[in-house]
Trainee: 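Structure below; questions to follow.
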Number of protein chains: 2
Amino acid sequence: MGMVGAGWRRLVIMATVRARRASARRAHYAASTRDDLVRSAVSLFTTHGYAGTSLDTIATRARVTKGALYHHFKGKQDLFEAAFSAVERNVYSKLQRILEKSENLWVKAGLVVREYLQSCLDPAYQRIVIHEGPVVMGWQRWRDAQEGLSYGVIRDVIADLRAAGGLGGISVEVTARLVCGALSTAATMIANSPDPKRVSEETEDAVVRLLALVRAGSETQDG
Amino acid sequence: MGMVGAGWRRLVIMATVRARRASARRAHYAASTRDDLVRSAVSLFTTHGYAGTSLDTIATRARVTKGALYHHFKGKQDLFEAAFSAVERNVYSKLQRILEKSENLWVKAGLVVREYLQSCLDPAYQRIVIHEGPVVMGWQRWRDAQEGLSYGVIRDVIADLRAAGGLGGISVEVTARLVCGALSTAATMIANSPDPKRVSEETEDAVVRLLALVRAGSETQDG
DNA sequence: TTGATTGACATACTGCCGGTATGTTCGCGC
DNA sequence: GCGCGAACATACCGGCAGTATGTCAATCAA
């Protein structure tokens, strides 16, 4: 048998890449199935979790077999990390868009915090990145994988605040972790709340107020 | 065969409970093996995680078989929850001890926060309660299980602060979650740091300063 | 054009592990 | 001292991650 269930994929794609050089087709096919696998993984890991999702199910959803999966990924963890990256990059791009509209530092910080809180409400981000990420990947690797993405953005914003004399000599790294931890936890609470809308508003209110308190306290203490 | 590896246990315990009524012996034996299983589970879940620990290993460490394990617990999750409770109760008792020495509300809040941060540094608490708890038990159940324990203490402290006019009309529930999330995340960072001592001090410093900022901002805004 | 090579899969199998079903023994009430 | 049930132990099953192997087709060297 061999190539049996994958024929449809070629037919579909061939129509879209007729102009390309022939040598690129193969790679294009492969990239397509890889993306399908990642999308399938993101979907299933989000709904049923890492342990609750079998590789066979992921492969079937992507219209391939486990053999294809193991051809593209080293194993279940590797596939999870690919799913993780996909979800993280999505949030990262949103945060970046906010950074580009540069305004007052404190205003920008508020916007980034609000946007990150919103992103944390995405079920995929919440389960894959926040909850299962550290458990499945191990904390060290999880941290490294976030370094240049969403966490990096938040850390940079806080670094700017400190550089502008916003906070006292508080460690940037520590503050950034505190903020991320607080927000992701709050987002989880919102998502699991019987009345997400209300809790979400309460949370945004609390965050904004706390930020204002810190700013106020910060400006009365030092110049 | 049957009762083969459990004889030693009776011999050991019999010496310590000679004074008890005979009718209590059986229950005492059982409670002992149950505790052994929980201790074994806590130890192994802490070092190798939930997925990385087999029930056979846990049972063997407790000097019994899987049959005994399934006699005392419904399954792996149930055993995990027992381990979770054991670790949580330990932290809870520490926090309670602090509450008993009643002082200024803000001082008490600072002490509780510092103690909770310290508790979060315990590897067992960190892995079982903070990281794997929500994943293994599900967030809802995880939250409920913490309600009357460590989280309850922190929430009560914050409720006191608000009742005393400390924070503006900020939701207690939301604030408590923010604080717990921030601290547990920070603790994880400390534990995985190459220089835990330094980062720990930085974190305590940051937390104390932020608390002071909030207090300062709080007192300048409202009476 | 063709034979060899290799990438991109599919199929078949293995071992581990959680869970279950069943067996065995001993303590305890009668 | 006897039956009964609690407190275990043993044997087995099914699912699943991982591996080993097979297959086909696209590419390339000659």
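Below, read A as the first sequence line, B as the second, and so on, with proteins coming before strands; counting in each chain starts at 1.
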Trainee: With no hydrogens and no angle check, do the side chains of B/E88 and B/Y125 hold a donor and an acceptor under 3.5 Å apart?
Mentor: yes

Trainee: Find out whether the Lys NZ or Arg CZ of B/R177 is both under 6.0 angstrom from the six-membered ring centre of B/Y151 and within 45° of the ring's axis.
Mentor: yes

Trainee: Once you round it to whole Å, what is the distance between C1' of C/dC17 and CG of B/L44?
Mentor: 15 Å

Trainee: Categorize B/T57 for me: base, sugar-phosphate, or nothing, with a 4.0 angstrom heavy-atom threshold over every strand shown.
Mentor: nothing

Trainee: Return the nearest nucleotide to the side chain of B/H71; candidates are C/dA8, D/dA7, C/dG18.
Mentor: D/dA7

Trainee: Give one of base, sugar-phosphate or nothing for B/S54, where a contact means two heavy atoms less than 4.0 Å apart.
Mentor: sugar-phosphate

Trainee: Quick test of your reading of the model: are A/K197 and A/E201 salt-bridged, counting only N-O distances below 4.0 Å?
Mentor: no

Trainee: Nearest-Å distance, CG (A/L37) to P (D/dA17)?
Mentor: 14 Å

Trainee: Hey, are A/T185 and A/T188 close enough side-chain-wise for a donor-acceptor pair under 3.5 Å?
Mentor: no

Trainee: Starting at CZ of A/F80 and ending at P of D/dG18, how long is that distance when rounded to a whole Å?
Mentor: 14 Å

Trainee: Quick check for you: among D/dA17, C/dG18, D/dC8, whose closest atom lies nearest to any side-chain atom of B/T33?
Mentor: D/dC8

Trainee: Quick one: B/L69 CG to C/dT20 C1', roughly how many Å, whole number?
Mentor: 14 Å

Trainee: OP1 or OP2 of C/dT20 less than 4.0 angstrom from a side-chain nitrogen or oxygen of B/Y70, does that happen here?
Mentor: no

Trainee: Going by atom types only, do A/T57 and A/S54 share a side-chain donor-acceptor pair under 3.5 Å?
Mentor: yes

Trainee: In whole Å, I'd like the distance from the OH atom of B/Y29 to the P atom of D/dC8.
Mentor: 11 Å

Trainee: What is the distance, to the nearest angstrom, from the NZ atom on B/K66 to the P atom on C/dA21?
Mentor: 13 Å

Trainee: Would you mind reading off the distance between B/L55 atom CG and D/dA9 atom P, rounded to a whole angstrom?
Mentor: 14 Å

Trainee: If you check every side-chain atom of B/A30, which of C/dC9, D/dC8, D/dT19 has the closest atom?
Mentor: D/dC8

Trainee: Rounded to the nearest Å, what distance is computed from the CG atom of residue A/D56 to the C1' atom of nucleotide D/dG14?
Mentor: 14 Å

Trainee: Nearest to the side chain of A/T65, heavy atoms from C-beta on, is which of D/dA17, C/dT11, C/dG18?
Mentor: C/dT11

